[in-house]
Protein chains: 2
Amino acid sequence: MFQQKLTEIDQQLIDLLSKRIAALAESTPISTEEQFTNVTLSLAKASVPESIWKNLVISTTAAVNNPSSPVTELPPRRVTLIGGRGMMGRFFSQRLSAAGHHVSILEQDGWEQAEPLLGKANLVLVCVPIEFTIEVIRKAVKYLAPTTALADIASIKAPIVQAMLEYHSGPVMGLHPMFGPGVKSFLSQNVVVCPGREVEAFQWLVDLIENDGGKLIVCPPEEHDEIMVAIQAIRNFTTFGLGVFLAEEGIDIRRSLDFSSPIFRLEIGLISRLLSQSAPMIVDIMLATPQRRDAICRLANTFQKLAQFVMQCDRDTLIHEFKTAHSCLAEDINCTLEESTHVIDALSTLLAAKEVGQKYKHPSFNSWQSQTRYSPQMDK
Amino acid sequence: MFQQKLTEIDQQLIDLLSKRIAALAESTPISTEEQFTNVTLSLAKASVPESIWKNLVISTTAAVNNPSSPVTELPPRRVTLIGGRGMMGRFFSQRLSAAGHHVSILEQDGWEQAEPLLGKANLVLVCVPIEFTIEVIRKAVKYLAPTTALADIASIKAPIVQAMLEYHSGPVMGLHPMFGPGVKSFLSQNVVVCPGREVEAFQWLVDLIENDGGKLIVCPPEEHDEIMVAIQAIRNFTTFGLGVFLAEEGIDIRRSLDFSSPIFRLEIGLISRLLSQSAPMIVDIMLATPQRRDAICRLANTFQKLAQFVMQCDRDTLIHEFKTAHSCLAEDINCTLEESTHVIDALSTLLAAKEVGQKYKHPSFNSWQSQTRYSPQMDK
């Protein structure tokens with residue numbers, strides 16, 4: 001009876017969501033802010049929390065950007081993925097096959113197949129771990145036709161694009177997908193593109209990424225490598241270091257999550273994501289270039305310097321450091337405040353929804369006083 | 001015409017959302033997972049992305065937990081907030097007034113009013129910066145009646161609850177709201193409660209927090225202080241240190257955000273939130289106890305140790321450290337993986353929605369090839 005009522009409501013909701021997305025797509029633009037404010041009164045009357053509406057507006061607006069069914073009138077290409085059974089290799093294999101291309105895989109133990117697999121490919125994409133990338137390129141190029149497009153997806157670009165240009169005379173491009181395994185499509189994902197030579201040979205590939213909802217960032221390999229020092233090496237090192245420290249200290253994470261603010265939960269979530277990845281991969285990303293290693297060393301020195309002020313209880317210097325950092329960064333980082341608020345709200349909503357689930361399981365909550373009564377170490 | 005169509009759709013959606021929340025509230029429980037899977041086919045038929053439905057299910061389920069209009073049949077209490085014009089003071093003032101209580105404020109310059117304001121209060125809540133808390137308690141107690149309930153909201157509990165118990169003979173309790181200014185109600189927020197003495201005098205206050213959607217964590221002050229070392233001191237220090245480092249390095253944050261994965265954006269968002277708070281407050285939270293200062297020092301040593309392995313390119317040791325941390329923490333932190341995925345999806349959705357807004361403004365995007373053509377340093 002209840003189940004049926006919910007099913008009816010849900011079916012109507014889904015129809016309306018579909019209509020809403022269609023209406024937004026065909027319309028003159030209306031900002032998400034307008035989409036909130038226009039209905040504030042209606043929400044209040046219906047006792048619907050504003051946060052629900054905000055989420056609905058944001059997610060239906062985002063859906064307007066969704067790829068329609070990919071228009072692949074193109075002839076299918078022959079693509080060979082070297083290292084195609086790794087995490088990112090499988091991702092590319094899946095997306096390329098879904099778009100109708102003929103995907104072959106060349107793994108470490110399959111080099112006797114190199115001649116047919118590489119010699120006839122329109123595109124060879126190198127998806128091996130970063131430490132083997134240049135070695136594999138050197139090994140692969142002797143099988144390539146001069147028209148074969150050669151690309152890689154490693155997280156360093158300058159030396160690799162350089163090596164591809166040097167060893168191969170045909171089309172060359174460096175790619176860096178800015179996301180990890182677990183992502184299911186390019187939708188809303190950034191992909192860095194470092195053009196090498198004869199880039200028109202890759203047009204179909206970048207079109208595929210864009211049609212799938214991906215966002216291209218085109219830049220020289222050197223700019224990519226410089227920016228990745230901050231994005232990859234520094235961030236990974238900090239998160240890794242914090243994880244190592246929490247483990248060393250033997251902190252009771254579960255109990256601390258009971259207490260915690262959403263931000264601490266989020267930080268633990270980020271540590272969890274990093275540590276669940278491949279250890280050699282993350283370590284190699286940190287070690288990849290002298291620039292990265294030097295930056296990590298400078299970061300540790302900054303932490304050490306600040307920790308010394310903390311040990312000396314040097315409040316004034318710490319406040320000064322805080323204010324200096326704020327004034328240097330404020331202009332550039334405040335744009336992310338709204339985003340982090342949205343994210344914290346999303347986490348709070350998820351936790352509240354889980355809480356509702358819990359309450360069903362434990363309908364009678366102890367009051368806080370009875371909790372204190374049962375705990376002998378209280379009230380001391 | 002379009003505007004009218006959207007208005008009609010939105011009104012129907014709001015009505016249905018209201019019905020859905022009511023249906024969930026009156027029902028036998030149905031898990032959020034079931035609420036997804038039951039409609040997978042309908043979603044596909046209507047071309048509605050699953051992520052929209054997930055958000056809708058999570059946010060309407062969370063709304064079931066929402067406080068109904070507060071049932072305040074209680075007699076209104078006289079509450080005096082010492083330091084009530086600060087950020088957290090204003091928050092408590094607003095919530096207590098909204099619930100019908102009589103709120104007075106005692107500020108630094110108002111101690112000549114102390115006798116009437118403190119002597120007749122049912123509850124005195126100390127909301128001053130942490131460095132003044134004990135001094136203010138000592139100053140306030142001589143005005144209190146033996147029945148006045150005394151509480152504080154500082155982020156250290158053991159010495160403060162101890163001081164309140166020592167100086168005041170009546171009801172005593174320590175509170176620590178685990179959220180910062182900017183939050184509008186207690187909904188889905190954690191509040192740590194450290195009972196001191198005659199806790200029944202605070203029943204109405206904790207009821208108010210719970211009715212407002214807050215979650216109470218009852219524990220001894222010592223446990224609170226131990227756990228806050230990780231939650232507050234360590235996390236604040238890492239985020240602060242990362243902010244100082246980015247400022248020192250002069251990294252172009254805006255350009256790096258163009259490139260970045262959602263996780264890097266999130267990290268910048270967390271730095272932004274921390275740096276936008278009061279410098280003395282954040283510094284005092286880090287310096288507050290010898291335990292906190294020692295832990296920060298050990299954290300900096302861990303970073304230094306790991307950075308040395310990085311400088312020496314000691315890949316094996318780093319991989320070993322990574323795996324050790326993972327095996328120590330895995331059991332405790334994997335529960336947050338789902339949460340961080342949800343949060344990253346929420347951020348990606350927000351960015352995609354913004355992107356749609358941008359496209360309206362710049363309808364003709366340059367293709368990636370024309371981008372490269374205009375940039376002279378490309379293709380080198």
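So you know, we letter chains A, B, ... as the sequences are listed, proteins then strands, and number each from 1. The analysis underlying the following values was restricted to heavy atoms, covering all of them including side chains, and did not include hydrogens, waters or symmetry mates. Everything quoted here is computed from the prediction, not taken from an experiment.
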Rounded to the nearest 0.5 Å, what separates atom [atom1] in [X] from atom [atom2] in [Y]?
| X | Y | atom1 | atom2 | result |
| --- | --- | --- | --- | --- |
| A:S256 | A:L246 | OG | CG | 8.0 Å |
| B:S276 | B:I271 | OG | CD1 | 12.0 Å |
| B:I263 | A:T239 | CD1 | OG1 | 8.0 Å |
| B:I344 | B:T349 | CD1 | OG1 | 11.5 Å |

At a heavy-atom separation under 4.5 Å, does [X] approach chain A through its side chain, its backbone, both, or neither?
| X | answer |
| --- | --- |
| B:L266 | side chain |
| B:S31 | neither |
| B:R292 | neither |
| B:I296 | both |
| B:L347 | both |
| B:Q308 | neither |
| B:N190 | side chain |
| B:E321 | both |
| B:S51 | neither |
| B:V244 | both |
| B:D10 | both |
| B:V283 | side chain |
| B:E339 | both |
| B:R265 | both |

Could you check if a side-chain atom of [X] sits within less than 4.5 angstrom of a side-chain atom of [Y], using non-hydrogen atoms only?
| X | Y | answer |
| --- | --- | --- |
| B:R315 | A:P280 | yes |
| A:L257 | B:I333 | no |
| B:R298 | A:F245 | yes |
| B:I14 | A:W53 | yes |
| B:D294 | B:C297 | no |
| A:E249 | B:V229 | no |
| B:L13 | A:V39 | no |

Would B:I21 and A:I52 count as a side chain to side chain contact (heavy atoms under 4.5 Å, CB included) here? Give the steps.
CA-CA 11 Å; B:I21 296 167; A:I52 296 183; 3.7 Å; yes
At a heavy-atom separation under 4.5 Å, does [X] approach chain B through its side chain, its backbone, both, or neither?
| X | result |
| --- | --- |
| A:S260 | both |
| A:L318 | both |
| A:I58 | both |
| A:L242 | both |
| A:H326 | both |
| A:V343 | both |
| A:I227 | side chain |
| A:D345 | neither |
| A:S327 | neither |
| A:E267 | side chain |
| A:N38 | side chain |
| A:L351 | side chain |
| A:Q12 | both |
| A:F179 | neither |

Does any N or O in the side chain of B:T341 come within less than 3.5 Å of the main-chain N or O of B:L337, such that one atom is a donor and the other an acceptor?
yes
Quick one: does A:S272's side chain have a donor or acceptor within less than 3.5 Å of a partner on A:I268's backbone?
no
Heavy-atom pair count under 4.5 Å with chain A, highest-scoring of [options]:
| options | answer |
| --- | --- |
| B:L270, B:L299, B:L43, B:N301 | B:L299 |
| B:C335, B:A307, B:A279 | B:A279 |
| B:D258, B:D252, B:L16 | B:L16 |
| B:G250, B:G241, B:A330 | B:G241 |
| B:T324, B:V48, B:L306 | B:L306 |
| B:M178, B:K215, B:H342, B:R235 | B:R235 |

Do you know the tightest heavy-atom contact between B:P262 and B:S348?
CG-OG, 3.9 Å
Using the side-chain hydrogen bond (donor to acceptor under 3.5 Å, both in side chains) rule, pick out the option among A:T60, A:D15, A:T61 that qualifies with A:R20.
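Passing option: A:T60.
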With chain B as the partner, which of [options] has the greatest number of non-hydrogen pairs under 4.5 Å?
| options | answer |
| --- | --- |
| A:D332, A:I9, A:T302 | A:D332 |
| A:I234, A:T32, A:N55 | A:I234 |
| A:E248, A:M286, A:M228 | A:E248 |
| A:F237, A:F303, A:F240 | A:F303 |
| A:K19, A:R255, A:M311 | A:R255 |
| A:L56, A:D284, A:V57 | A:D284 |

Working for side chain to side chain contact (heavy atoms under 4.5 Å, CB included), residues A:L287 and B:V310
CA-CA 6 Å; A:L287 295 179; B:V310 168; 3.9 Å; yes
Determine, stepwise, if the pair A:L275 / B:K323 fulfils side chain to side chain contact (heavy atoms under 4.5 Å, CB included).
CA-CA 8 Å; A:L275 290 181; B:K323 288 185 174 169; over 6 Å; no
